[in-house]
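Contents: one structure, followed by commentary.
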Amino acid sequence: MATATLSEFRNEPTVDFSAPANRQAMEKALEQVRSAFGREYQLRIGGEWIATGDKLVSVNPSNPKEIVGIHHKATAELANRAVESAWAAFPGWSRTPAGERVRMLLDAARILRARKMEFDAWLVYEAGKTWPEAEADVSEAIDFCEYYAREMTRLAGPQPVVQLPGERDEMIYIPLGVGVVIPPWNFPLAILAGMTAAALVTGNTAVVKPSSETPTIAAKFAEVLLEAGFPESSFTLLTGSGAAVGDVIVQHPKTRFIAFTGSRDVGLRINELAAKPQKGQIWIKRVIAEMGGKDAIVVDADADVDQAVDGVLASAFGYQGQKCSACSRAIVDAKVYRQFLEKLAAKAKSLQVGPADDPRNYMGPVISEGARKSILSYIETGRKEGRVVAGGSAGPEGGYFIPPTIIADVEPEAKVFQEEIFGPVLAVTKARDFEDALAKANDSQYGLTGAVFSNNPAHLREARERFHVGNLYFNRKCTGAMVGVHPFGGFNMSGTDSKAGGPDYLLLFLQAKSVATKTA
Ligand code: NAD
């Protein structure tokens, strides 16, 4: 197998934009991508290009007058056709040797690496990511391809089982069938690529429904997969509204599994619909669902306050707070509360907000007008539930901007403490002591990420056992999970804890078959 000599997995290094050559290369990529704005993208099902005429217009959230891409939307009938086509392609694709699928995925990683700055630029323009945030997203997509290629190599052969005398006993992993892949817009390349790569490299065929906010990035990734050799029939990119085609592909009797990342409410709906067997369906659908977060950082009495301020700042306002791992609650021991809050508010006020393509801006826009309105309405609620100490108003004109907003003295019953806002809004809450802080951190329906800033080993031990989140960090920010290093996934309403980028992940896309042969 061509993959036998694969090197050990290493995370993709990120580009340093402070180097003039890299800065110039990125400026050039931005210019080139801008010249490709407004292109029309058709649907492709089973190798056939289809123009429906009903179009989705994707805009630049830094300047919504600019059209990034125009995409033909699928109908319910085409959604059905996409699942049927994936079903028809499954027998052939599932029997393609694993080594060949792995080679294609490594090729996809190579192509992404070669086109890295171009992808960075698409992320800047379609998702409103600043340069370093875009670069982190593309690097993570490359990591997923490289990591899952290696994981598939590990899982492709016979697995170790006990041998019964007089038998040859084996256990092998086989794919499931047709997978529906539904990513969110906030990691429009990394999560889309990660879930799609996992589905395909394990031998499943896939119907991928990208977010309506970021269809162009998805179309560009589909180009990469085809160039890497994935057959046209192995996957369909089904652009369309989640509400219009989502239910159809989730409910289709030939759909075998759904890999979803997105909000709690949509995840719960998918889980419910998938649980009901449809006429002709002969399996229980598997649902892999990674959902929202209301992530907390606890600042202990003896923490290094400056370090905690920087950790909270980066976690709360990086990518405008639009990460499932974003810190939206800082729970601070009363002894350092005032000092922490003053320093944090001063630093937040100094963060520059503006168009994402201008590298001087630390924060770009939020994703859409709908998101902007919803976040501003949460800020109004927060004004009644606490004390606004930074931000609190609409941001600069022209794009969907909101300045970093901090609401202090928030009680755990408050909406801004309990509900996922998904924007640059941080609630700060005072804790009596560490025990109280931990109880407040766990007072949530979610359980995705969390962090503790403390120099007290007993407190860190306590948090290790009792802070109920899938990804826990000590004395560092709670965002920025790395593939292979921090397998990612949450507890409770944050999802099924699938640990993307970890050694358990591909098993979710496979089923095990035991084969025993009598030999004597
Ligand atoms: P969303 O739930 O609105 O949409 C996610 C995807 O589901 C989109 O592609 C959307 O088109 C689709 N969809 C919408 N309605 C559907 C339906 N009825 N059937 C099928 N699909 C449907 O979420 P979003 O706004 O795109 O993303 C933000 C959310 O994602 C936040 O809650 C965030 O916390 C979460 N998220 C979680 C993780 C994680 O790993 N846990 C990672 C990233 C984002």
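Counting starts at 1 for both ligands and their atoms, following the listed order. Since the model is a prediction, treat every value here as computed from it, not as a measurement.
Shown in contact with Cys324 at under 4.0 Å from a heavy atom are these atoms of ligand 1, numbered in order with element: 33 (C), 34 (O), 36 (N), 37 (C), 38 (C), 39 (C), 40 (O), 42 (C), 43 (C), 44 (C). Interface atoms of ligand 1 facing Thr261, defined by a heavy-atom separation under 4.0 Å, are 5 (C), 37 (C), 38 (C), 39 (C), 40 (O), 42 (C), 43 (C). Those atoms of ligand 1 that come under 4.0 Å of a heavy atom in Ile182, given as number and element, are 6 (C), 7 (O), 9 (O), 12 (C), 20 (C), 21 (N). Remark: ligand 1 atoms within the under-4.0 Å shell around heavy atoms of Leu448 are 41 (N). Per-residue contacts place Ser211 under 4.0 angstrom from the following atoms of ligand 1 (heavy atoms of the residue considered): 9 (O). Here is the list of ligand 1 atoms found below 4.0 Å of a heavy atom in Gly246: 19 (N), 20 (C). Within ligand 1, the atoms closer than 4.0 Å to a non-hydrogen atom of Asn186 are 43 (C), 44 (C), numbered from 1 in the order shown.
Side chain of Gln418 to backbone of Pro412: a donor-acceptor contact under 3.5 angstrom is found.
Inclusion of Val250 in the set of residues having an N or O under 3.5 Å from an N or O of ligand 1 is not warranted. Between Glu420 and ligand 1, at least one pair of N/O atoms sits closer than 3.5 Å.
For atom 4 (O) of ligand 1, no protein heavy-atom neighbour is found at a distance under 4.0 Å.
Of the options Phe488, Tyr446, Phe260, Phe422, the smallest heavy-atom separation from atom 40 (O) of ligand 1 is shown by Phe488. When the options Ser263, Pro183, Gly262 are ranked by their closest heavy atom to atom 6 (C) of ligand 1, first place goes to Pro183.
The residues Glu380 and Arg383 are annotated as salt-bridged, a charged nitrogen and a carboxylate oxygen being separated by less than 4.0 angstrom. Using a cutoff of 4.0 Å between basic side-chain nitrogens and carboxylate oxygens, Lys415 and Glu385 are not scored as salt-bridged. Under a 4.0 Å N-O distance rule, the pair Arg269/Asp247 qualifies as a salt bridge. Using a 4.0 Å cut-off between charged side-chain N and carboxylate O, Lys276 and Glu272 make no salt bridge.
Relative to the six-membered ring of Tyr41, Lys220 misses at least one condition, a distance below 6.0 Å or an angle of at most 45° to the axis.
Taking the ring centroids of Tyr125 and Phe37, they lie under the 6.0 Å cut-off.
Checked by atom type, the side-chain pair His252/Gln278 shows no donor-acceptor distance below 3.5 Å. Side chains of Glu290 and Ser498: a donor-acceptor N/O pair is present below 3.5 angstrom, by distance only.
Heavy atoms of Trp185 approach ligand 1 to within less than 4.0 angstrom.
Contacts between Met291 and ligand 1 below 4.0 angstrom, taking non-hydrogen atoms only, involve the backbone exclusively. With a 4.0 Å heavy-atom cut-off, ligand 1 is reached by the side chain of Ile191 but not by its N, CA, C or O.
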